[in-house]
Student: 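A single structure is presented below for examination.
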2 protein chains.
Amino acid sequence: MYFVNDKEFKCSVGVTLDIFNDKWKLSIIWHLLDNDKRFKELHQEISEITQKTLTVKLRELESKNIIHREVFPEVPPKVVYSLTPIGKKLRPVLESMFKWGIEYVEEFGTINGENACEIGKFNT
Amino acid sequence: MYFVNDKEFKCSVGVTLDIFNDKWKLSIIWHLLDNDKRFKELHQEISEITQKTLTVKLRELESKNIIHREVFPEVPPKVVYSLTPIGKKLRPVLESMFKWGIEYVEEFGTINGENACEIGKFNT
DNA sequence: TCCCTTACGATACTTTAGGTAAGTAATGGA
DNA sequence: TCCATTACTTACCTAAAGTATCGTAAGGGA
């Protein structure tokens, strides 16, 4: 039995699923894997997310110790988001999703042109 | 560039995230990894999900070719759900989530008693 | 002096996903 | 006759996410 913030889990995969049980958090992690990013950069790269939802999700990830938020006291403002050590350890999770996605598309989708994943993320 | 059902993705991890962008699908996969299950069994094991949501999510997973639904013409009804070949290939994804969850709990949670994951799922 | 720009939000409102509670079908058993 | 069983539906309600607009604070230009 595991406890995280007074919440109870029978199994460690439940802990992970509970943290990433929404639409956006894993996407954000994915985009922070190789480089720290400013708010605006994340917003441009994950273009379907709204500003509001992005700020909410970033705060949630920060409160769960998965990302770090650094504010530079400048004008206009500058806020840089980065993965914490435990956040960086999510790489194998995303990597296995990346590989499964390729297999899924090979079977049920079509491939047109090349894989436009950011270079260096995985050597696949 | 990948296409799945006329939806466009730059990267294969996007395909995966798009399929599992809701609250319940990965939990359902997790519970089907080792054994095929009837509707009622899934409902009892994933006790927080409602009947309605479970049926919706099962139908969505079926339409994406990730689970198979077999109806036995009996009374009372019997419906057995199982993973398709591509569904079974999600094991590494869940396995990496399982491992990350343990690391996360070791750092930010507490462990009380033992891990109550179903035996045989992973030898960790 | 006033207004525009920039980056990171906050706020009010609408839409959609998910939750609650009840009902249905077909059969067998008390 | 009435109830239990299983796998759903259906009508209704709430919470999460999306849309659109506004706020802040410093510097620059007219």
Student: Among C:dC8, D:dG18, D:dC8, which nucleotide sits nearest the side chain of A:Thr50?
Tutor: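 Of all the options, the side chain of A:Thr50 is nearest to D:dG18.
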
Student: Within the structure shown, what part of the strands sits under 4.0 Å from A:Gln51 by heavy-atom distance: base, sugar-phosphate, or nothing?
Tutor: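 Base contact - A:Gln51 has a heavy atom under 4.0 Å of at least one base atom.
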
Student: For A:Pro76 and A:Trp24, take the nucleotide of DNA chain D holding the closest heavy atom to each; which residue's nucleotide lies nearer the 5' end?
Tutor: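 Nearest nucleotide further toward 5': that of A:Trp24.
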
Student: What nucleic acid atoms does A:Thr55 come within less than 4.0 Å of, heavy atoms only: base, sugar-phosphate, or nothing?
Tutor: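 Since only primed, P, OP1 and OP2 atoms lie under 4.0 Å of A:Thr55, the category is sugar-phosphate.
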
Student: What is the distance, to the nearest angstrom, from the NE2 atom on A:His43 to the P atom on C:dC8?
Tutor: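 Result: 11 Å.
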
Student: Roughly, in whole Å, what's the span from CD in B:Gln44 to P in D:dT5?
Tutor: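 Rounded to the whole Å, the gap is 11 Å.
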
Student: Using atom CD of B:Glu70 as one end and atom P of D:dC8 as the other, report the distance to the nearest whole Å.
Tutor: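 Going from CD in B:Glu70 over to P in D:dC8 covers 13 Å.
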
Student: Nearest-Å distance, NZ (A:Lys40) to C1' (C:dT5)?
Tutor: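 After rounding, the gap between these two atoms is 12 Å.
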
Student: Would you name the heavy atoms of A:Val4 and B:Tyr104 that are closest together and state the gap between them?
Tutor: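 Looking at all heavy atoms of both residues, the shortest contact is CG1-CE2, 4.0 Å.
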
Student: Let me spell it out: for each of A:Pro77 and B:Lys23, pick the nucleotide of DNA chain D with the closest heavy atom. Which residue's pick is nearer the 5' end?
Tutor: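 In this pair, the answer is B:Lys23.
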
Student: Give one of base, sugar-phosphate or nothing for B:Tyr81, where a contact means two heavy atoms less than 4.0 Å apart.
Tutor: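 The answer is sugar-phosphate, as B:Tyr81 gets under 4.0 Å only of primed atoms, P, OP1 or OP2.
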
Student: Below 4.5 Å, heavy atoms only, C-beta onward: do A:Val13 and B:Leu26 meet side chain to side chain?
Tutor: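 No - every pair of side-chain heavy atoms lies 4.5 Å or more apart.
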
Student: Using only side-chain N and O atoms of A:Thr53, determine if any of them is under 4.0 Å from OP1 or OP2 of D:dG18.
Tutor: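 It does, given that an N or O in the side chain of A:Thr53 lies less than 4.0 Å from OP1 or OP2 of D:dG18.
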
Student: B:Arg38 side chain N/O closer than 4.0 Å to the phosphate oxygens (OP1, OP2) of D:dT6?
Tutor: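 Checking B:Arg38 against D:dT6: no side-chain N or O falls below 4.0 Å of OP1 or OP2.
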
Student: Rounded off to whole Å, could you give me the CZ-to-C1' distance for the A:Arg59 and C:dG9 pair?
Tutor: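 One finds 7 Å between C1' of C:dG9 and CZ of A:Arg59, rounded.
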
Student: Students often get this wrong, so: under 4.0 angstrom with heavy atoms, is B:Lys52 touching a base, only sugar-phosphate, or nothing?
Tutor: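 Base: the residue B:Lys52, judged by heavy atoms under 4.0 Å, touches a nucleobase.
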
Student: Report the distance from atom CD of B:Glu48 to atom P of D:dA15, rounded to the nearest whole Å.
Tutor: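 Rounding to the nearest Å, CD of B:Glu48 and P of D:dA15 are 18 Å apart.
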
Student: With a 4.5 Å heavy-atom cut-off, do A:Leu33 and A:His31 have their side chains touching?
Tutor: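 No. Closest side-chain heavy atoms not under 4.5 Å.
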
Student: Pick the nucleotide of DNA chain C nearest each of A:Arg69 and A:Val75; which residue has the one closer to the 5' end?
Tutor: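 The answer here is A:Val75.
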
Student: Can you confirm whether B:Tyr2 sits close enough to B:Ser12 that some side-chain heavy atom of one is under 4.5 Å from a side-chain heavy atom of the other?
Tutor: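 Yes; the side chains approach each other to less than 4.5 Å.
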
Student: Just the rounded figure in Å: distance from P of C:dG28 to CD of B:Glu74.
Tutor: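 For the pair B:Glu74 CD and C:dG28 P, the rounded distance is 12 Å.
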
Student: Take the protein atom CZ of B:Phe72 and the nucleotide atom C1' of C:dT27, then report the distance between them rounded to whole Å.
Tutor: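 Result: 18 Å.
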
Student: Do the ring planes of A:Phe39 and A:Tyr81 sit parallel (below 30°), tilted (30 to 60°) or perpendicular (above 60°)?
Tutor: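 If you compare the ring of A:Phe39 with that of A:Tyr81, the planes turn out tilted.
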
